[in-house]
Every structure is written in structure tokens, then in C-alpha cells.
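These notes concern the structure reproduced below.
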Amino acid sequence: MKIFESTSGGAAPATAPPAGSFGADFLAALSTRPKSIAPKYFYDAEGSRLFDQICDLPEYYPTRTETALLHERAAEIAQHIGPNADLIEFGAGAMTKVRILLAALGAAASLPSRYVPIDISGDYLNEAAVGLRQQFPALRVEPLAADYGQGLELPASPLGTRQRVGFFPGSTIGNYTPEEAVEFFRMAAGVLRGGALLIGADLIKDPAVLHAAYSDAQGVTAAFNLNLLARANRELGANFDLAQFAHSAFYNAPLQRIEMHLMSCVRQQVTVCGQAFSFEEGETLHTENSCKFTVESLRGLAQKAGFTPGPVWIDAGHQFSVHWLIASK
């Protein structure tokens with residue numbers, strides 16, 4: 001069988017990418033069997049823009065369901081956060097949902113002493129921070145471009161801070177394996193030091209609803225998935241022909257997770273950072289997991305890292321949950 005050789009892409013970088021970078025992790029992903037890479041690399045500026053479009057799709061229920069739930073329970077959640085909190089958001093993105101909490105806290109004269117949005121996409125983060133400062137001019141906003149999955153050290157909380165509260169919406173916790181989720185909770189417990197974590201978690205539901213949410217009719221999720229290869233072309237001198245790869249998303253019921261893959265449509269060879277890699281026809285690059293939870297399974301993972309479960313808020317359709325977890329001192 002003829003091997004398809006892609007010719008698109010720029011010149012390869014002259015030096016090996018540094019450890020822990022997109023380039024190094026992408027090369028490692030292509031060198032393993034099965035091929036797999038962390039979903040954090042979706043989120044360059046273009047990937048972040050596409051994800052914002054996904055959140056507005058009619059099939060993509062998680063964003064609108066969690067947003068409605070936060071609006072409905074904002075005053076109650078604000079009471080738990082309290083005044084003068086040091087509010088830390090993991091994976092802040094467009095900072096859309098935190099505005100609901102900030103509005104409720106402002107209405108109760110309880111704005112945080114500081115808000116620290118953390119995201120891997122620095123340019124996108126700083127742009128979003130500008131808009132947030134305009135909406136809440138009295139709020140101290142300190143964006144931090146960082147990969148919180150690599151560990152996190154924050155400056156001391158401002159004087160007068162009552163407690164440090166983490167915010168992790170969007171069921172991003174579902175991108176981790178159970179073992180990785182426990183590691184995230186351990187990191188968060190260390191950062192929050194006796195405060196609390198407010199976290200969104202998508203619930204187990206009809207697989208047909210899940211399939212539609214991750215394979216939308218407009219193809220935005222497919223474009224988001226394929227942008228990972230486009231990013232490699234832009235940044236790593238790769239020569240992926242995106243037309244030779246297909247978006248694949250399905251619910252793995254035994255593992256209770258959606259899996260997203262990029263499937264090679266032909267047998268082909270690609271070049272990344274000057275190194276050649278082969279794909280067999282039908283072989284995939286596993287790009288994301290999105291685990292689904294019960295209330296008990298999410299709480300169980302958090303408890304392994306030392307959190308104590310607090311209140312949980314669930315929408316009327318039992319699609320999504322928001323948990324208040326108390327961090328051990």
C-alpha cells in the first residue's frame with residue numbers, strides 16, 4: 001500500500017524542544033503506542049477561541065447547565081465564600097462563570113481580597129483580565145499564565161484575607177484519569193491550605209446526549225480537535241495534512257468517559273521537529289478524555305486527597321453538579 005506523505009507545514013525547529021514543552025510532549029506522544037497527548041495543548045489562542053464557540057452550541061449542555069446552576073445558587077455559594085476571600089481559578093479561560101460569583105459577592109459587599117485567574121494560554125488570559133477589570137474596577141486581579149498541572153506556588157494572600165477559595169468549573173476534572181484527578185486534588189489542597197474548592201462535575205447520563213455534545217452538527221468540536229495538528233504545523237514545523245485526519249468522539253461506558261481521538265484516514269508519514277513518524281490507516285492520536293461522575297464518585301476522589309465534602313448543588317435535570325469541598329489544614 002502506498003504511504004501518503006504530507007508536504008504541508010513550515011521548517012522544522014533547529015533545536016530539540018525543552019522538556020515539558022508542547023514540542024517535547026508532542027514528540028513523546030507520537031513515539032508511544034497507543035499515541036496519546038494531554039488535552040491542555042488544545043488551548044493556544046485559536047483553540048481557546050474555538051472552545052468558546054463550543055460552549056455556545058445547542059448540543060453542548062455542560063456550559064449552559066452549569067451557568068444556570070451558578071446563577072440559581074450564586075447567593076448561597078457567595079455565603080460559603082464569604083468576604084475577603086483569596087479567589088483562585090484553575091483554567092480560567094474567558095473568565096465567564098466567575099463573573100456570576102463576583103456579581104453575587106459584590107451584591108453582598110463581599111468582593112474577594114484578590115482574584116487570581118490561572119491559565120496555560122497567557123495572551124488569551126490577559127485579554128480576558130482586561131474585560132474583567134472593567135466590569136469590577138474595585139477587584140484586585142492578578143492573572144497568572146501557568147500550567148497548574150505541573151505544581152503551583154502562589155504569592156502570600158493579601159492582608160485581611162479570610163480564606164483561600166479555589167474555583168474549577170466546566171468539569172475540567174473529567175479530563176484526568178482517576179489517579180490524575182487525585183493528584184489535582186492534592187495540589188489544590190496544598191494551594192488552598194484549609195480553605196475550600198468550588199468545582200463543577202458533569203454527571204453520568206444518556207450516551208446519546210453525550211455523543212451529540214462532543215460531535216456537534218456544525219463541526220466546531222472537530223475543528224477544535226484538528227486545531228491540535230494545525231498548532232503543531234504552526235509551532236513545530238510539522239507537516240500534518242488535516243484533510244487526512246478525522247475527528248472521532250465516543251462514550252466508553254465501562255470507563256464512564258467520552259474519548260476524543262484524531263484518526264488517520266490513510267497510512268501516512270508525518271514530520272515533526274525534523275523527526276518522521278508513521279500512522280497506520282485507522283490509527284489514532286488520543287487527544288482527550290471527559291470522565292462523567294456520580295456525586296459519590298467525585299466526592300470519593302476528593303476525599304482521597306484530604307478534602308471533606310460540603311454542600312452539592314445539582315440542576316433539576318440531574319445533568320451537572322457543583323461541589324463545595326473543604327480543604328484540610
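Interatomic distance, CG of Asp315 versus CZ of Phe320, reported as 9.0 Å (0.5 Å rounding). Going from atom CZ of Arg49 over to atom OG of Ser121 covers 12.5 Å, rounded to the nearest 0.5 Å. A distance of 10.5 Å separates NE2 of His80 from CD of Gln163, quoted to the nearest 0.5 Å. Distance check: His286 NE2 to Thr32 OG1 gives 11.5 Å after rounding to the nearest 0.5 Å. With rounding to the nearest 0.5 angstrom, the CG atom of Leu229 is 6.0 Å from the CZ atom of Phe245. Taking CD of Glu259 as the start and SG of Cys291 as the end, the distance is 9.0 Å to the nearest 0.5 Å.
Under the 6.0 Å distance and 45° angle rule, Lys292 does not count as a cation-pi partner of Tyr251. A cation-pi arrangement is present between Arg231 and Phe22, with the terminal nitrogen or guanidinium carbon under 6.0 Å from the aromatic centre and inside a 45° cone about the axis.
Within a 6.0 Å sphere centred on CD of Glu127, heavy atoms belonging to other residues, nucleotides or ligands number 12 at most. Residue Asp123 places its CG atom among 12 or fewer non-hydrogen atoms of other residues, nucleotides or ligands, all under 6.0 Å distant. Counting non-hydrogen atoms of neighbouring residues, nucleotides and ligands closer than 6.0 angstrom, the NZ atom of Lys205 exceeds 12 such neighbours.
Heavy atoms only, all atoms of each residue included: Leu285 and Ser36 are closest at CD1-N, 3.8 Å. Of all the heavy atoms in Ala128 and Met95, the pair that sits closest is CB-CE, 3.8 Å. Taking every heavy atom of both residues into account, Ser278 and Gln269 meet most closely at OG-NE2, 3.9 Å. Among all heavy-atom pairs drawn from Cys265 and Glu281, the shortest one is O-CG, 3.5 Å. Ala249 approaches Ser215 most closely through the heavy-atom pair CB-OG, 3.7 Å. Considering all non-hydrogen atoms of both residues, Gly20 and Tyr41 come closest at O-OH, 3.4 Å.
By the rule that hydrophobic residues join a cluster once side-chain heavy atoms approach within less than 4.5 Å of another member, Leu70 and Leu203 end up as members of separate clusters. Leu139 and Phe167 end up in the same hydrophobic cluster when Ile, Leu, Val, Met, Phe, Trp and Tyr side chains are linked at under 4.5 Å. If you chain together hydrophobic residues whose side chains sit under 4.5 Å apart, Leu242 and Leu50 fall into the same group. Under the 4.5 Å side-chain heavy-atom criterion for Ile, Leu, Val, Met, Phe, Trp and Tyr, Phe277 and Leu262 are members of the same hydrophobic cluster.
Ser113 places a side-chain N or O within 3.5 Å of a backbone atom of Ala85 that can act as its donor or acceptor partner. A donor-acceptor pair under 3.5 Å is formed between the side chain of Asn175 and the backbone N or O of Asn289. Ser321 places a side-chain N or O within donor-acceptor distance of the main-chain N or O of Ala201, the cut-off being under 3.5 Å. In this structure, the side chain of Asn233 engages the main chain of Phe240 through a donor-acceptor pair within 3.5 Å.
Inspection of the Trp313 and Glu72 side chains reveals no N or O donor paired with an N or O acceptor under 3.5 Å. With hydrogens and angles left out, the side-chain atoms of Ser171 and Asp202 include no donor and acceptor closer than 3.5 Å.
In this structure, Val182 shares a hydrophobic cluster with Ile88, Phe90, Val116, Ile118, Leu144, Tyr148, Leu152, Leu154, Phe168, Ile173, Tyr176, Phe184, Phe185, Met187, Val191, Leu192, Leu197, Ile199, Phe293, Leu298, Leu301, Phe307, Leu325, the cluster being traced through Ile, Leu, Val, Met, Phe, Trp and Tyr side chains under 4.5 angstrom apart.
Scored by the side-chain contact (heavy atoms from CB on, under 4.5 Å) test, Ser110 finds Pro83, Leu105, Ala108 as partners (sequence neighbours excluded). Residues meeting the side-chain contact (heavy atoms from CB on, under 4.5 Å) test with Ile120, sequence neighbours left out: Lys40, Tyr43, Asp147. With sequence neighbours left out, Pro143 forms a side-chain contact (heavy atoms from CB on, under 4.5 Å) with Pro117, Leu125, Asn126, Ala129, Arg133, Val141. By the side-chain contact (heavy atoms from CB on, under 4.5 Å) test, Ala213 pairs with Tyr60, Tyr61, sequence neighbours left out.
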Could you give the side-chain donor-acceptor pairs of residues 220-227 under 3.5 Å, partners two or more places apart or in another chain?
from, atom 1, to, atom 2, distance (Å)
Thr221, OG1, Asp216, OD1, 2.6
Asn225, OD1, Thr287, OG1, 2.9
Asn225, ND2, His247, ND1, 3.0
Asn225, ND2, His261, O, 3.0
Asn227, OD1, Arg234, NH2, 3.1
Asn227, ND2, Asp44, OD1, 3.1

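Looking only at side-chain heavy atoms (C-beta outward), Leu57 and Gln218 come within less than 4.5 Å of each other. Pro309 places none of its side-chain heavy atoms less than 4.5 Å from the side chain of His323. In this structure the side chain of Ile258 never reaches within 4.5 angstrom of the side chain of Glu288, judged on heavy atoms. The shortest side-chain heavy-atom distance between Val312 and Arg299 falls under the 4.5 Å cut-off. Contact of the Phe26 side chain with the Glu235 side chain is not registered, since no non-hydrogen atoms from C-beta on lie closer than 4.5 Å. Within the 4.5 Å cutoff, no side-chain heavy atoms of Thr284 are placed close to those of Pro34.
We find that Lys97 and Glu89 are not joined by a salt bridge, their nearest charged nitrogen and carboxylate oxygen being 4.0 Å or further apart.
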I would like to know whether Leu27 and Gln275 meet side-chain contact (heavy atoms from CB on, under 4.5 Å); could you show each step before the answer? CA-CA 8 Å; Leu27 291 176; Gln275 299 184 39; 3.7 Å; yes

Is there a side-chain contact (heavy atoms from CB on, under 4.5 Å) between Leu101 and Leu198 once you walk through the steps? CA-CA 11 Å; Leu101 302 181; Leu198 183 69; 3.8 Å; yes

